[in-house]
Number of protein chains: 2
Amino acid sequence: MNEPANWSEHSARQITAAGLRRSTPRQRVIDLLADRDCAVTALEIDAELEGVGRATVYRAIEQLEDLGLVRKVDLGSSAHGYEKIEPSGHHHHHIVCDDCGKVEPFEDEALEEAIHDIHRKGFRLESHEVTLHGHCADCS
Amino acid sequence: MNEPANWSEHSARQITAAGLRRSTPRQRVIDLLADRDCAVTALEIDAELEGVGRATVYRAIEQLEDLGLVRKVDLGSSAHGYEKIEPSGHHHHHIVCDDCGKVEPFEDEALEEAIHDIHRKGFRLESHEVTLHGHCADCS
DNA sequence: ACTGATACTGAGACTAATTCTCATTTAGTG
DNA sequence: CACTAAATGAGAATTAGTCTCAGTATCAGT
């Protein structure tokens with residue numbers, strides 16, 4: 001459908017184009033995000049990447065966010081999650097079980113259309129985030 | 001349109017029905033939330049209510065959340081916001097300016113319909129949260 | 001390849017948000 | 001009024017995220 005392996009390269013290129021350098025630690029953060037198809041928290045990344053400092057993880061995420069390569073999502077837990085943004089614009093939203101915290105991605109075309117039809121004077125809209133809450137089968 | 005003054009009483013009744021006691025500090029948290037039409041953070045509530053402990057504020061919010069009387073919303077800032085849930089089901093979502101952090105409520109019928117049409121096996125859906133991101137007129 | 005300017009880094013101090021603990025108080029029942 | 005368990009406030013503890021700074025590494029220009 002899309003080429004997930006390419007997001008990493010695409011991001012590396014964008015980083016360079018923005019006048020930033022190609023550093024190993026930042027590239028490792030990019031590669032980890034490229035691997036994941038759903039949200040990861042900054043501290044998870046930090047824990048998973050030995051030898052990469054916390055500050056570097058947060059800085060890399062911030063830069064990727066500024067370049068429109070990563071999106072921040074809130075899933076009810078205390079920590080924010082981050083996930084890559086496909087250049088194609090293709091994306092998903094999240095369903096969260098309020099009991100066990102399980103998160104599942106979902107996509108819905110009608111929802112996207114409804115959101116794209118929303119206009120608000122005084123605002124230039126750029127992105128959106130939808131989270132559905134409920135109880136999963138195990139917790140019902 | 002609806003009777004905002006009643007949410008407070010409604011909540012007090014639900015609290016009692018759940019076997020909890022009627023305490024003054026918790027009632028003050030409820031009254032403050034009843035007064036606000038958009039999200040407030042826990043620490044704002046704590047700061048505003050002299051004589052009510054931080055722990056009590058967080059506990060009250062948690063109980064109200066469990067009873068379906070309050071909803072947690074994430075608006076990009078580090079702290080979560082909380083707002084009352086009208087018994088009528090009437091609610092709004094949020095538009096956030098990613099530059100200055102300004103938050104505005106909005107409502108959209110077509111969006112609500114699209115969301116209500118979403119079904120996901122293995123999940124009993126109960127609520128949803130939509131956040132639109134962009135740049136406000138002042139920051140464009 | 002060498003060098004200089006400076007972006008980038010990791011460690012850990014720091015701040016902010018939230019949760020926990022516990023001794024004391026208080027609501028509601030009998 | 002007395003009793004019991006829920007509820008409270010103070011502040012310690014934990015967790016998430018930010019900041020500082022001295023050392024390191026990238027890259028452009030030789």
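In the text below, chain A, chain B and the rest are named by the order of the sequence lines, each starting its count at 1.
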Nearest-nucleotide wise, let me know which of B:V57 and A:L20 is further upstream toward the 5' end of DNA chain D.
B:V57
Which word best sums up how the rings of A:H91 and A:H128 line up, parallel for under 30°, tilted for 30 to 60°, or perpendicular for over 60°?
perpendicular
Honestly curious: do B:L20 and B:V57 fall in one hydrophobic cluster under the side-chain, below-4.5 Å linking rule?
yes
Return the value, rounded to whole Å, for the distance between atom CZ of A:R26 and atom P of D:dA25.
15 Å
Counting neighbours of CZ on A:R120 that are heavy atoms of other residues, nucleotides or ligands and sit closer than 6.0 Å, is the number greater than 12?
yes
Find the distance B:I30:CD1 to D:dA7:P and express it as a whole number of Å.
11 Å
Considering only D:dG17, C:dG28, C:dA17, which nucleotide approaches the side chain of B:S78 most closely?
C:dA17
Separation of atom CD in A:E62 from atom P in D:dC19, rounded to whole Å:
9 Å
Length of the CD1-P vector between A:I15 and C:dA7, whole Å
15 Å
Rounded to the Å, how far apart are B:I45 CD1 and D:dG9 P?
14 Å
Please determine if a side-chain N or O atom of A:Y58 lies less than 4.0 Å away from the OP1 or OP2 oxygen of D:dT18.
no
Taking only the side-chain heavy atoms of A:A79 (C-beta and beyond), determine which of D:dA16, D:dG11, C:dG10 contains the nearest atom.
D:dA16
Determine: side-chain N/O of A:H80 to OP1/OP2 of D:dA16, distance under 4.0 Å, yes or no.
no
Ignoring the backbone of A:R21, work out which of C:dG10, C:dT21, D:dC27 is nearest its side chain.
D:dC27
Where each residue is assigned the nucleotide of DNA chain D containing its nearest heavy atom, which of B:T56 and A:T16 is assigned the position nearer the 5′ end?
B:T56
Against the side chain of A:R54, the closest entry in D:dT8, C:dG10, D:dG17 is D:dG17
Quick check for you: among C:dT21, D:dA12, D:dA16, whose closest atom lies nearest to any side-chain atom of B:R59?
C:dT21
Taking atom P of C:dT9 as reference, at what distance in whole Å does atom CD of A:Q27 sit?
11 Å
Separation of atom CD in B:Q63 from atom P in D:dA7, rounded to whole Å:
6 Å
Check whether any side-chain nitrogen or oxygen of A:S23 sits under 4.0 Å from OP1 or OP2 of C:dT9, and answer yes or no.
yes
Tell me whether B:E50 at atom CD has more than 12 heavy atoms from other residues, nucleotides or ligands lying less than 6.0 Å away.
no
Answer yes or no: is there a side-chain heavy-atom contact under 4.5 Å between B:D37 and B:K84?
yes
What are the two closest non-hydrogen atoms of B:V96 and B:L75, and how far apart are they?
CG1-O, 3.8 Å
Report the nucleotide, chosen from D:dA16, D:dA10, C:dA17, that has the shortest atom-to-atom distance to any side-chain atom of B:L43.
C:dA17
Let me know, please, whether B:A42 or B:T24 comes out on the 5' side of the other along DNA chain C by nearest nucleotide.
B:A42
Give one of base, sugar-phosphate or nothing for B:G19, where a contact means two heavy atoms less than 4.0 Å apart.
nothing
Please give, in whole Å, the distance from C:dC8 P to A:L64 CG?
12 Å
Of the options D:dC27, D:dG17, C:dT21, whose atoms approach the side-chain atoms of A:R22 most closely?
D:dC27
